[in-house]
> 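Sharing a structure with you now.
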Amino acid sequence: MYFDEIICLIGGFGKFQKILYVWICLPQIFLAFHMLVSVFTEAVPPHLCSSSRPAAGAPASSYFNFSHLSALDGRSELSCTVPLNHSGAVALGDGHPAGGCQRGWEYSTETFQSTTVTEWDLVCDSANLNIMGSSTYMLGLLVGAVLFGSLADKYGRRIIILFNLATQAVFGVGAAFAPNFYVYIALRFMVGTSVSGVIMNAFVLGIEWTGSKQRMLAGIITDYSFGVGYILLAGIAYLIRDWRKLQLAISAPGFLFIFYIWVLPKSARWLIANDRKEEAWELIQKAAQMNGKPLTKDLEMCQQVYKIEEKTEVKKNHFIDLVRTPKMRKHSLIVFYLWFANVLVYYGLSLNISDFGMNIYLTQLIFGLVEMPARTIVLFTLNRSRKFSQLAFLAVGGTACLLTIFIPSDLSIIKTVLAMIGKFGITASLSIIYVYSAEVFPTVIRQNGIGMGSMCARIGGVLAPMMYLLRRISPQAPMVLCGLCPLLGSALTLLLPETANEPLPDTIEDVEGSNLSAEDGGVKPVASEENRQDELMISSNGSCHFS
C-alpha cells in the first residue's frame, strides 16, 4: 500500500488537503439547496375551489379560514369539490351533491407567494403529478449514482465533478424558467443526476488525498457543509417566497464554480491505478511542497514504487467485480443494504416528524440544527472504530424508532423526542457509511462501489414516502419498519472488517488475500512474499531502498 505511505510522508492533512477540502465543501452547500428546495418550491398551500365563494368579489379569507383546510391530502370537500346546488351553503357534510372544481382554486398566500403547485394547479385529481415531480428528481439521483460512478472510474474524479457542476448550474437555472410542469420535472431530473455526480466524486477525491488517520474528515467535514446548506436554505426560503425566484437564487451562483477548472486537482491515487504514474508523481511533488515536506526522490526512483504492480497481470475491473469473489461479495451486499436502510429511515423519519403544525421555516431550521450534534459525535467515535460506530448508531436509531410504537398517542411530546433520537442515530450512521464504504472497497472499483451504494440509497429515498402507505395496514407499521431496518443493519455490520487507521485497499487481491487466483477475478501475484527480493520499502525519512 505504497501510496498511503507516500501520503503520510507528504502530510496526511496539510495545507494542500485543507485547500482541497475548501473546494470540496463549497459545492456541498448548494447541493443541500437542490436536495431540499422542493420542501418550499413544491409545497401545497391550503386551497379551496374558486366556485365555492359566496360572493363574486369577496376574498376567500373573508368567509373561510384557510388554516382549517388540509394542505396535504387534498381530500377536503372545500379543496376539491363544490355543492352542485350553488346555494352558497358551504358547510362540510351538508348532504348536497358535490362536483369538481370548474373554475380553478384559491390558494392561501400566507406562507408562499407561489409554488409549482399553485402555478400549475397540482392539487386534487392532479396531486399525483406533484408526487411524480419529487419521484422524478429522486430517479435522477439514482441514475446519476450509477452513471457517474462508472464514468469517474474510467475518466477520473475531477472531470466528472467539473461536468456535473456545470450541468447543475445550467439545468437548475433552466428549471426557474420552465414554461410548464413537464419541462420543470425534466430539468429537475437533470439536476438530480448532477447532484449525485458531485456528491460521490467530491467525497472520493477527498478520501483519496487524505492520510488514513485523517480520512474520516472527508465524510464528516462535507457533512457539516451539507448541514450548513440545510440551515441556510431556511433563511433563503423565508426571504424569497416565490418559487421561481427561489430556484434561481440557489442555482445561478453555481456558475461561479467555473474557476474550479484551474484549482481542483486530479486524484493521484486514481492516476496510479490507471498507469499514469508520471502525472501522479507531479501532483504528489506539488502537494509535498505545499505541505512543507518536499521529497528528495527523483521521478525515476519514485517509479520503482510501482515495480511490483508492473509485474502483475493487468486486469480491467468492472462493477461485476463487486460481487465476483467471496469476501468482496459479502462486503458489497452488506454495504449496499446499509446505504439503503440509512436513507430509507432518514427520509422516512423526516417525513414523519415534520408534521408538527409548526412554521415550515422554523421546522427546517430545527431539523438542520439537530443534524449538527449528530455529525459532531461521530468525530469522537469514528477514529476509534468505524465498525463499532456504525453498529452502535444504527442500534440507537432503530431502538428509538421501535420504542415509539409503545407510546400512547396522547403522549405526543415523548413520541416526538424518541423520533428525534431515532433521527439523531440515523444521521450519525449516514455520516459514517460514506467513510466506511469508501474504505471497504479497493481503489480499482471504489467509485463503482460508492456508485452502487448511492444507487441503493436513492432507491431507499424513492421508497421512503411510499412507506407511509403502510398506515392502511397498521398505524404503527411505518415506525416498525424504521426500527427493524437499522437493527438488521446493525447486526450485519458485525460481518464487515474494521478499517480505522488501516491503509486503503487498492486491488481486489488486497481484500481477498494473496491466495486469490486470477480465475476468481483477482490479480495473480508474481511471487510469494518471502521470495520478493525487489520489494520497495519507504523509510521514515523519505528515501527509497530495496530489501
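Atom set for the values below is all heavy atoms of this structure, side chains included, hydrogens, waters and symmetry mates excluded. In this text, all values refer to a predicted model and were calculated from it rather than measured experimentally.
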> Please report the C-alpha distance between Phe16 and Trp209 in whole Å, then the side-chain angles of each, then the deciding distance to 0.1 Å, and finally whether the ring-ring contact (aromatic ring centres under 6.0 Å, His included) criterion is met.
CA-CA 9 Å; Phe16 177 86; Trp209 269 113; 4.7 Å; yes
> Does CZ in Phe163 sit with more than 12 non-hydrogen atoms of other residues, nucleotides or ligands closer than 6.0 Å?
no
> Strictly by modelled atom types, are Ser389 and Thr381 linked by a side-chain donor-acceptor pair under 3.5 Å?
yes
> Where do Val191 and Phe171 come nearest, in terms of heavy atoms and distance?
CG2-C, 3.7 Å
> Is there a side-chain contact (heavy atoms from CB on, under 4.5 Å) between Val37 and Ile250? Walk through the geometry before answering.
CA-CA 9 Å; Val37 72; Ile250 66 168; 3.7 Å; yes
> What's the shortest heavy-atom distance between Thr376 and Phe380, and which atoms?
O-CD1, 3.4 Å
> Under 4.5 Å between any side-chain heavy atoms of Phe424 and Pro373, yes or no?
yes
> Above 12 or not: heavy atoms from other molecules or residues under 6.0 Å from CZ of Phe388?
no
> Show the nearest heavy-atom pair for residues Asn342 and Ile426, with the distance to one decimal.
O-CG2, 3.4 Å
> Roughly how far apart are Ile445 CD1 and Thr507 OG1, rounded to 0.5 Å?
9.5 Å
> Do Gln28 and Ser225 get their side chains close enough for a donor-acceptor pair, meaning under 3.5 Å?
no
> Does Arg375 qualify as a cation-pi partner of Tyr224, given the criterion of NZ or CZ under 6.0 Å from the six-membered ring centre and within 45 degrees of its axis?
no
> Specify whether Tyr230 and Phe226 have parallel, tilted or perpendicular ring planes, treating 30° as the upper limit for parallel and 60° as the lower limit for perpendicular.
perpendicular
> If I take atom SG from residue Cys456 and atom CG from residue Leu344, how far apart are they, to the nearest 0.5 angstrom?
12.0 Å
> How close do Ile159 and Tyr155 get, heavy atom to heavy atom, and via which atoms?
CG2-O, 3.5 Å
> Should the pair Arg386-Glu439 be classified as a salt bridge under the 4.0 Å nitrogen-to-oxygen rule?
yes
> Assess the residue pair Leu496 and Leu338 against the criterion (side-chain contact (heavy atoms from CB on, under 4.5 Å)); give the C-alpha distance rounded to whole Å, side-chain angles, the decisive distance to 0.1 Å, and a yes or no.
CA-CA 11 Å; Leu496 290 176; Leu338 293 180; 3.9 Å; yes
> Checking side-chain polar atoms at under 3.5 Å, does Ser429 have a donor or acceptor matched by the opposite partner on Tyr346?
no
> Would you say that Gln168 contacts His34 through its side chain, given a criterion of any heavy-atom pair below 4.5 Å between the two side chains?
yes
> Phe393 versus Thr427: any side-chain heavy-atom pair under 4.5 Å?
no
> Are the side chain of Arg158 and the backbone N or O of Ile261 linked by a donor-acceptor pair below 3.5 Å?
yes
> List the atom of Arg329, the atom of Arg324, and the distance in Å for their closest heavy-atom pair.
NH1-O, 3.3 Å
> Just by modelled atom types, is the Leu494 backbone N or O under 3.5 Å from a matching donor or acceptor in the Lys387 side chain?
yes
> Nearest 0.5 Å please: distance from the CZ atom of Phe148 over to the OG1 atom of Thr193.
5.0 Å
> Check Lys18, Lys286, Gln17 against Asn291 for a side chain to side chain donor-acceptor pair (under 3.5 Å) and give me the one that passes.
Gln17
> Got Leu394 and Leu488 here, is their nearest side-chain heavy-atom distance under 4.5 Å?
no
> State, yes or no, whether a side-chain contact exists between Phe255 and Val170 at a heavy-atom distance under 4.5 Å.
yes
> Would you say Tyr184 and Glu42 are linked by a side-chain donor-acceptor pair, where the criterion is simply a distance under 3.5 Å?
yes
> Would you please test Leu162 and Phe257 for side-chain contact (heavy atoms from CB on, under 4.5 Å) and show each step?
CA-CA 8 Å; Leu162 295 175; Phe257 288 114; over 6 Å; no
> Is the side chain of Thr115 donor-acceptor paired with the backbone N or O of Val117 at a distance under 3.5 Å, no angle test?
yes
> Evaluate the side-chain proximity of Phe40 to Trp243: yes if any heavy-atom separation is below 4.5 Å, no if none is.
no
> Show the numbers, then the answer: is there a side-chain hydrogen bond (donor to acceptor under 3.5 Å, both in side chains) between Thr493 and Gln390?
CA-CA 7 Å; Thr493 303; Gln390 185 82 74; 5.7 Å; no
> Walk me through it: do Arg446 and Arg269 pass the test side-chain contact (heavy atoms from CB on, under 4.5 Å)?
CA-CA 11 Å; Arg446 180 170 297 121; Arg269 186 183 291 269; 3.8 Å; yes
> Less than 4.5 Å apart, side chain to side chain, heavy atoms only: is that true for Trp270 and Leu205?
no
> Do Leu365 and Tyr361 have side chains that approach each other closer than 4.5 Å (heavy atoms only, starting at C-beta)?
no
> How long is the straight-line distance from CD1 of Ile24 back to CZ of Arg157, given to the nearest 0.5 Å?
12.0 Å
> Check Met328 against Pro442 and note the closest heavy-atom contact, atom names and distance.
SD-CD, 3.8 Å
> Supply the atom-to-atom distance Thr116 OG1 to Asn180 CG, rounded to the nearest 0.5 angstrom.
12.5 Å
> Could you tell me the separation between the OG atom of Ser385 and the CG atom of Leu391, rounded to the nearest 0.5 Å?
8.5 Å
> Might you confirm whether atom CG of Leu369 has over 12 heavy atoms from other residues, nucleotides or ligands at distances under 6.0 Å?
yes
> How about Tyr436 and Trp339: are their ring centres within less than 6.0 Å of each other?
no
